[in-house]
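One structure below.
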There are 2 protein chains.
Amino acid sequence: MTDLVRVPVDEHLALAIRVLTGLGVPEAAAREQADLLLEGDLRGHASHGLRRLDMLAQRLRNGAARASARPKSTWTTPTVLVVDGDAGLGPPTARRAIEGLLGRIGETGVAVAAVRNANHLGMLAPYVESMASAGVVGIALTTSEALVHPWGGTRAMVGTNPLAVAVPVPGDHAVVLDMATGQVSRGKVLDHAARGLPLAPGDAVDAAGVPTTDAAAAVGGAISPFGGPKGYALGLVLEVLVATLTRSALGEEVRGTLDATDPCTKGDLFIAMDPAAFGPGKAAVDAYLDTLRAAPPAAGHDRVQVPGDRARATRAANLANGVPVARLTWARAQEIAADVAGRD
Amino acid sequence: MTDLVRVPVDEHLALAIRVLTGLGVPEAAAREQADLLLEGDLRGHASHGLRRLDMLAQRLRNGAARASARPKSTWTTPTVLVVDGDAGLGPPTARRAIEGLLGRIGETGVAVAAVRNANHLGMLAPYVESMASAGVVGIALTTSEALVHPWGGTRAMVGTNPLAVAVPVPGDHAVVLDMATGQVSRGKVLDHAARGLPLAPGDAVDAAGVPTTDAAAAVGGAISPFGGPKGYALGLVLEVLVATLTRSALGEEVRGTLDATDPCTKGDLFIAMDPAAFGPGKAAVDAYLDTLRAAPPAAGHDRVQVPGDRARATRAANLANGVPVARLTWARAQEIAADVAGRD
C-alpha cells in the first residue's frame with residue numbers, strides 16, 4: 001500500500017478550497033470542485049481525488065481552466081439544455097446543468113444536458129447520485145483522452161469513456177453504476193509502474209501493441225478495453241454518442257484533462273428521466289435487490305453485491321475514519337496552498 | 001458448422017408471414033415480425049431468426065401472444081410515451097412506439113418510449129438503425145429471463161439485458177452497438193451442448209455455480225456476465241432501469257420469451273435524441289471512424305472494426321447469397337406452415 005494519511009473531511013475540503021479561491025475561483029465553485037476531489041478520495045479513487053489539485057492549479061494559472069468562467073446555457077428545446085462551459089471547472093458547470101434538468105423534469109419527464117468546453121468532472125457517481133436523491137434516474141457520460149486501444153488495434157485511440165447510471169429505489173439505496181470502459185485505470189497503470197508491480201493479463205498492451213503485464217511498458221502503450229470486443233464497442237459508441245450531441249472532440253483530439261495547458265475538448269452528457277412521469281404502478285426493485293444480496297456467494301466471494309453497495313460502504317468507512325490520502329499527495333497539496341498564499 | 005440451407009429472402013419472409021397470418025396475425029404485423037426473424041438470420045444470430053417461429057406459433061395458439069392485440073399508447077408528457085402492448089407481438093408494438101418517438105422528436109429533441117406487456121423483440125439493432133436512418137440517435141434496452149449469475153453469485157438471477165445504440169454519422173454508416181451483457185448467448189450454450197462442443201473459460205457456471213467449459217453442465221447452470229464485475233454491474237443496472245421505467249418484472253419473475261405459455265413480463269425502453277436539436281456545429285465523427293478503420297491491426301486481427309461494420313458485412317453477404325438457416329429449422333418451419341394451413 002501507498003503510505004497513507006487519514007485526513008479529517010473538513011481539512012481535506014478546506015485545503016482544496018484555499019488553493020482554488022487563492023487562484024481566483026469564487027467560493028461556491030471552489031466548494032463544488034473541492035467536494036468532487038473529496039468524493040474521489042472517499043471512494044478510494046485517488047486519481048480523482050486531491051492528487052488532481054496540482055494539475056487543476058496549473059491549469060488555472062495557465063488559463064486552460066478559467067477561474068471566473070461564465071458558462072452559457074441554452075434550452076434549445078423544452079428538454080435539451082446545451083452548455084458551453086467557458087473553460088470553467090467541471091463540477092460547478094455540471095452541477096448547474098443538473099440543476100437545470102431537475103428544474104425542468106417535473107414538467108417534461110425527460111431532459112438532457114450536453115456540456116462542452118468544461119474541465120474534468122472527477123468521479124461521475126456523485127452527479128447521478130444527486131439525481132437519484134431527487135427521485136430521478138440519472139445517466140452521466142463523459143469522454144476522455146485516448147488511452148484505450150480498439151479491439152484488434154495496437155495503440156491508444158479511444159477514451160476510457162466512463163458511464164454512470166443511478167436508479168432511485170423507493171425503500172432502498174439507489175443502484176449506482178460508475179465504470180470506465182477500460183480494463184484498468186490510467187492511475188493504476190502509473191501507480192503500478194512507479195512501484196514495480198505487474199498488471200494482470202489482459203489489462204494493457206505495450207508501445208508495439210503487444211499484450212503486457214509490465215506496467216512500465218504499458219505506460220507507453222495502451223489500456224485494453226474491458227470485456228474484449230464488447231467493451232471496446234461500448235466505449236467507442238459512447239465516445240461517438242457524446243461527441244455527436246456535444247460537438248466535442250474525438251480520439252486523439254481529446255485533450256485537457258491530463259495536461260496543464262491544453263483547452264479541454266471533451267464532452268459531457270447528462271440524461272434525467274423521472275419515473276413518476278412514466279404512468280402508474282411501480283416495479284418491485286427493492287425486493288429484487290434483497291434477493292440478490294441474500295443469494296449464496298460463489299467460492300472466493302463474501303457476498304453478492306448490488307452496484308453501488310461497495311462504494312457506499314467504502315465511503316462510509318472513510319467518512320468515519322478520515323479520508324485516506326497518500327502522504328506525498330497531502331504534502332504536495334500543502335505546498336501548493338503555501339505557494340498560492342505566498343503569491344497573494 | 002450446423003447443416004445450413006441458403007434461403008432466398010422472399011421465401012424466408014413469405015414462410016413466416018404465412019404461419020403468422022394463418023394464426024390470425026394481421027398482414028402488416030406479420031410482416032414486421034417476419035422482418036425481425038429475417039434480420040436475425042441475415043446477421044448470423046439464428047437464435048433470433050426463424051428458429052423462433054415455432055415458439056411464436058405456440059405462444060399465439062396458447063394466447064400468450066395475442067394475434068389481434070390492440071396496444072394502448074399514452075403520451076404521459078410531451079416526451080414520454082408509455083405503451084401497454086396488450087400481449088401483442090414485439091416488433092409491431094416496438095415499431096409503433098418508435099414511429100411515435102420519431103413523430104415527436106422534431107419538436108422536443110428527445111423522447112422516450114417505455115413498453116411493457118409485449119412479446120420478444122428479436123435483434124435490437126434493426127430498431128436503433130431505423131432511428132439512425134431518420135438522423136436520430138437511438139438507444140434500445142430490453143430485459144430478459146434470468147440467465148446470468150451475478151458477479152460473486154452461483155445461480156442465474158439477472159437477465160442477459162441487451163443494449164443497442166445507433167449513432168447516425170453524416171457521410172458514413174451509423175455506428176451500431178448491439179450487445180447482450182452475458183459473456184455468451186443462451187443459444188450458443190444450447191448449441192454447443194447439443195453438438196458436444198466446449199465453451200470458453202469464463203463463459204458459464206454449472207448448477208453448483210462452479211465455472212465450467214462443459215456446455216451440457218452450463219445448460220443447467222448460468223451464463224457468466226461479460227467483462228467480470230463491470231459487465232455484471234452494467235447488466236444489473238440496465239435491468240433495474242428498464243423495470244423502473246416500464247413497471248415490468250425483475251430477475252426470475254421475467255417470463256415469456258423462452259416458454260410457450262407464460263405472459264411476457266419483460267420491459268422495453270427506447271430513447272431517441274435528435275442531434276439537430278443540440279445546437280449548431282458538428283463533431284468530426286466520420287474522420288475519426290476513418291482513422292480507426294485505417295489503424296494497424298494487432299497480431300491475429302485483420303483490421304480494426306467500427307461497431308456495426310461486421311454485422312453490416314455479414315448481412316450484405318447473406319442478402320447476396322441467400323439467408324443461412326439450419327436445415328432442421330427450415331424443415332420445421334415448413335411443417336408448422338403445413339400444420340397451420342391444415343387447420344384452416
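Chain A is the first sequence line, chain B the second, and so forth, proteins listed ahead of strands; every chain is numbered from 1.
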By a 4.5 Å heavy-atom criterion (distance strictly below it), what part of [X] contacts chain A: side chain, backbone, both, or neither?
| X | value |
| --- | --- |
| S248(B) | backbone |
| V137(B) | side chain |
| P170(B) | neither |
| L236(B) | side chain |
| K230(B) | both |
| I271(B) | side chain |

Specify which of [options] makes the most heavy-atom pairs with chain A at under 4.5 Å.
| options | result |
| --- | --- |
| G300(B), P78(B), A299(B), A180(B) | A180(B) |
| G209(B), P225(B), P275(B), A243(B) | P275(B) |
| V82(B), T74(B), V237(B), L289(B) | V237(B) |
| V165(B), D302(B), L292(B) | L292(B) |
| V210(B), V175(B), V240(B) | V240(B) |

* Is the shortest side-chain N to carboxylate O distance from D274(A) to R104(A) below 4.0 Å? ->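 Between R104(A) and D274(A) there is no salt bridge, as every charged N stays at least 4.0 Å from the carboxylate O atoms.
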* **Basic-acidic side-chain contact under 4.0 Å: D268(A), R116(A)** => no
* Structure fact -> Closest non-hydrogen atoms of V83(A) and P71(A), given as atom of the first, atom of the second and distance, are CG1-CB, 4.4 Å
* Asked: If you take all heavy atoms of S224(A) and V205(A), which pair is closest and at what distance?
  ->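 Heavy atoms only, the tightest pair is OG-CG1, 4.1 Å.
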For the candidates [options], which exhibits the highest count of non-hydrogen atom pairs separated by less than 4.5 Å from chain B?
| options | result |
| --- | --- |
| L250(A), V304(A), T76(A) | L250(A) |
| A277(A), G308(A), A295(A) | A277(A) |
| V167(A), T79(A), L245(A), T244(A) | L245(A) |
| I139(A), T246(A), V110(A) | V110(A) |

Check whether [X] reaches the backbone of [Y] with its side chain - one donor and one acceptor, N or O, closer than 3.5 Å.
| X | Y | result |
| --- | --- | --- |
| T77(B) | T108(A) | yes |
| T143(A) | V242(A) | no |
| R247(B) | P280(A) | yes |

Name every donor-acceptor pair, under 3.5 Å, that has one atom in a side chain of residues 150-164 of chain B and the other anywhere in the protein, sequence neighbours excluded.
residue : atom : partner : partner atom : Å
R155(B) : NH1  : E252(B) : OE1          : 3.1
R155(B) : NH1  : E252(B) : OE2          : 3.2
T160(B) : OG1  : S144(B) : OG           : 3.0
N161(B) : OD1  : S144(B) : N            : 3.4
N161(B) : ND2  : G235(B) : O            : 2.9
N161(B) : ND2  : E239(B) : OE1          : 2.7

* With sequence neighbours excluded, tell me which residues meet side-chain hydrogen bond (donor to acceptor under 3.5 Å, both in side chains) with N117(A). => D84(A)
* **Test log, rule side-chain contact (heavy atoms from CB on, under 4.5 Å), inputs V306(A) and Y288(A)** => CA-CA 10 Å; V306(A) 168; Y288(A) 176 54; over 6 Å; no
